[in-house]
Protein chains: 2
Amino acid sequence: MARPRSEDRRNAIIAAATHVIANHGLAAPTALIAKEAGVSNGSLFTYFGTKADLLNQLYVELKTEMAATALDGVLVDQDVRDQMASMWRGWLGWATADPEKRRTLAQLAVSDEITRSSRDVGNRAMAEVSAILERSRETGPMRAAPFGLVVGLMNAAADATVDFIVHDPANVEAHSQAGFEAMWRMIA
Amino acid sequence: MARPRSEDRRNAIIAAATHVIANHGLAAPTALIAKEAGVSNGSLFTYFGTKADLLNQLYVELKTEMAATALDGVLVDQDVRDQMASMWRGWLGWATADPEKRRTLAQLAVSDEITRSSRDVGNRAMAEVSAILERSRETGPMRAAPFGLVVGLMNAAADATVDFIVHDPANVEAHSQAGFEAMWRMIA
DNA sequence: CTCCAATGTCTGAGTAGTCAGTCTTTTATG
DNA sequence: CATAAAAGACTGACTACTCAGACATTGGAG
């Protein structure tokens, strides 16, 4: 029988972990993840040394993908508000297109299994997002506020908007718009 | 030797659970909670039938206390903005006075051990908070938005503000103020 | 007031079960 | 045949929960 390429198997495990963790939480057995990936539980540990390794790599991968999707379509010569709106749309699109990814990322983000350095990598992936936010608030009411607070407030608004959209998917467009306007009033 | 009153022991377990969960997460062994409470491992299960029971009661207790503290000091004949500001101060006070309570509540809130009915009880405790929020947004830019979205956005802003305060406690007052203004711009 | 039995609570070693990670066996490939 | 990878049964550590006996408290009898 043809043996799948090693990278494909790794990706299958990552995908399975996303799915299983979304539904069973971080306490989900590795055996379940392996089964879902069509891999024996022993094999899983040849791809990821420990469960914590798997979780960290998953975290980095999801966060990086999220940032990339949010930035996709943002144009350099755009008005900053349009850049922000584009990011907002991209971000909400990512989160609503595959709610499991977001749920899993949310769980990982608060887990203490995720190391400092994984978080650093994740934040670096979000650097361009931060840059756009910085320009957005530059002339607004939060121009003197600590940037960390501004970042936190924007993330919080985005999260709350996605939560609501997931809860009532019928009116994505309206909720996305309302959330964006609310966030923009806050920071710019 | 004098036997502690049964209610005191229950409270000791609740307090110990708050402390232990804040530091070890929801996966913390019941044995550790019992030890911290100065109670035998077996006794814990005479007070709470299962670990899930303990978690649910803890959730309800923390959430209720949080709501009560936030509302403490709010006056009925106040301007709605002042009511909101008073709530904001109360809430931040609760969260910063005992960060472990907030950390534990945050973990419980996203846990799937917490039942529908516990969440309902918790939300009922927050009813008055919702009422003030409803009056706040009544004439503002979010008057037509779904109330659930407004609630989510306010909670998110408050959470983000507390996060930041915990991270930089030196300037509580300034951050609290900046967070409040941001939230108010959003909803009113 | 003293004693003793009855009552109900507390204890912690024990039980059954689960899980991450290992290791030997099996299988595919060049 | 030699090599490398995959499989999955297995191990040891750990956990929620139990249960039989220890122990404090109470109240009634002498």
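Chain naming here is simple, since letters A, B, ... match the order of the sequence lines and numbering starts at 1 in each. Any value given below was found using the heavy atoms of this structure, including those in side chains, with hydrogens, waters and symmetry copies removed.
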Integer-rounded Å distance: [N] [atom2] and [X] [atom1]:
X	N	atom1	atom2	answer
A:Ile33	C:dC19	CD1	P	11 Å
B:His24	D:dC14	NE2	P	13 Å
B:Leu44	D:dT15	CG	P	14 Å
A:Asp8	D:dA5	CG	C1'	15 Å
B:Asp53	D:dT18	CG	P	11 Å
A:Glu113	C:dA20	CD	P	10 Å
A:Lys35	C:dT18	NZ	C1'	16 Å

Taking only the side-chain heavy atoms of B:Ser40 (C-beta and beyond), determine which of D:dA6, C:dA20, C:dT11 contains the nearest atom.
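Nearest nucleotide to the side chain: C:dT11.
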Kindly point out which of C:dC19, D:dA6, C:dC10 is positioned nearest to the side chain of A:Pro29?
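Selected nucleotide: C:dC19.
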Do A:Leu54 and A:Ile33 have side chains that get closer than 4.5 Å, going by heavy atoms?
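Yes; the side chains approach each other to less than 4.5 Å.
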Do B:Phe45 and B:Thr30 touch side chain to side chain, with heavy atoms closer than 4.5 Å?
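Side chain of B:Phe45 against side chain of B:Thr30, heavy atoms only: contact under 4.5 Å found.
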OP1 or OP2 of D:dA6 versus the side-chain N and O atoms of A:Tyr47: is any pair under 4.0 Å?
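So the side chain of A:Tyr47 is within the cut-off, an N or O lying under 4.0 Å from OP1 or OP2 of D:dA6.
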According to a strict under-4.0 Å criterion, is A:Arg9 in side-chain N/O contact with OP1 or OP2 of D:dA5?
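No, because none of the side-chain N or O atoms of A:Arg9 sits under 4.0 Å from OP1 or OP2 of D:dA5.
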So what does B:Ala28 touch, heavy atoms closer than 4.0 Å: a base, only the sugar-phosphate, or nothing?
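It contacts sugar-phosphate atoms only.
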Fit a plane to each ring of B:Phe180 and B:Trp184, take the angle between them on a 0 to 90° scale, and name the class: parallel (under 30°), tilted (30 to 60°) or perpendicular (over 60°).
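Taking B:Trp184 first and then B:Phe180, their aromatic rings lie parallel (interplane angle under 30°).
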Which pairs would a plain distance check flag for residues 140-154 of chain B, meaning a side-chain donor or acceptor within less than 3.5 Å of a matching protein atom at least two apart in sequence or in another chain?
{"residue": "B:Arg143", "atom": "NE", "partner": "B:Gly140", "partner atom": "O", "Å": "3.0"}
{"residue": "B:Arg143", "atom": "NH2", "partner": "B:Gly140", "partner atom": "O", "Å": "3.4"}

Would you mind telling me which of A:Thr161, A:Asp163, A:Asp168 makes a side chain to side chain contact (heavy atoms under 4.5 Å, CB included) with A:Ile165?
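When A:Thr161, A:Asp163, A:Asp168 are each tested with A:Ile165, the side chain to side chain contact (heavy atoms under 4.5 Å, CB included) holds only for A:Thr161.
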Detail all sub-3.5 Å separations between protein N/O atoms and N/O atoms belonging to nucleotides 21-25 of chain C.
{"residue": "C:dG21", "atom": "OP2", "partner": "A:Lys51", "partner atom": "N", "Å": "2.6"}

Quick check: are there more than 12 heavy atoms from other residues, nucleotides or ligands sitting under 6.0 Å from CZ of B:Arg103?
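Not more than 12 within 6.0 Å, no.
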My understanding is that only residues two or more places apart in sequence, or in another chain, count here; which of them pass salt bridge (Lys or Arg N to Asp or Glu O under 4.0 Å) with A:Arg81?
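A:Arg81 satisfies salt bridge (Lys or Arg N to Asp or Glu O under 4.0 Å) with A:Glu181 once adjacent residues are dropped.
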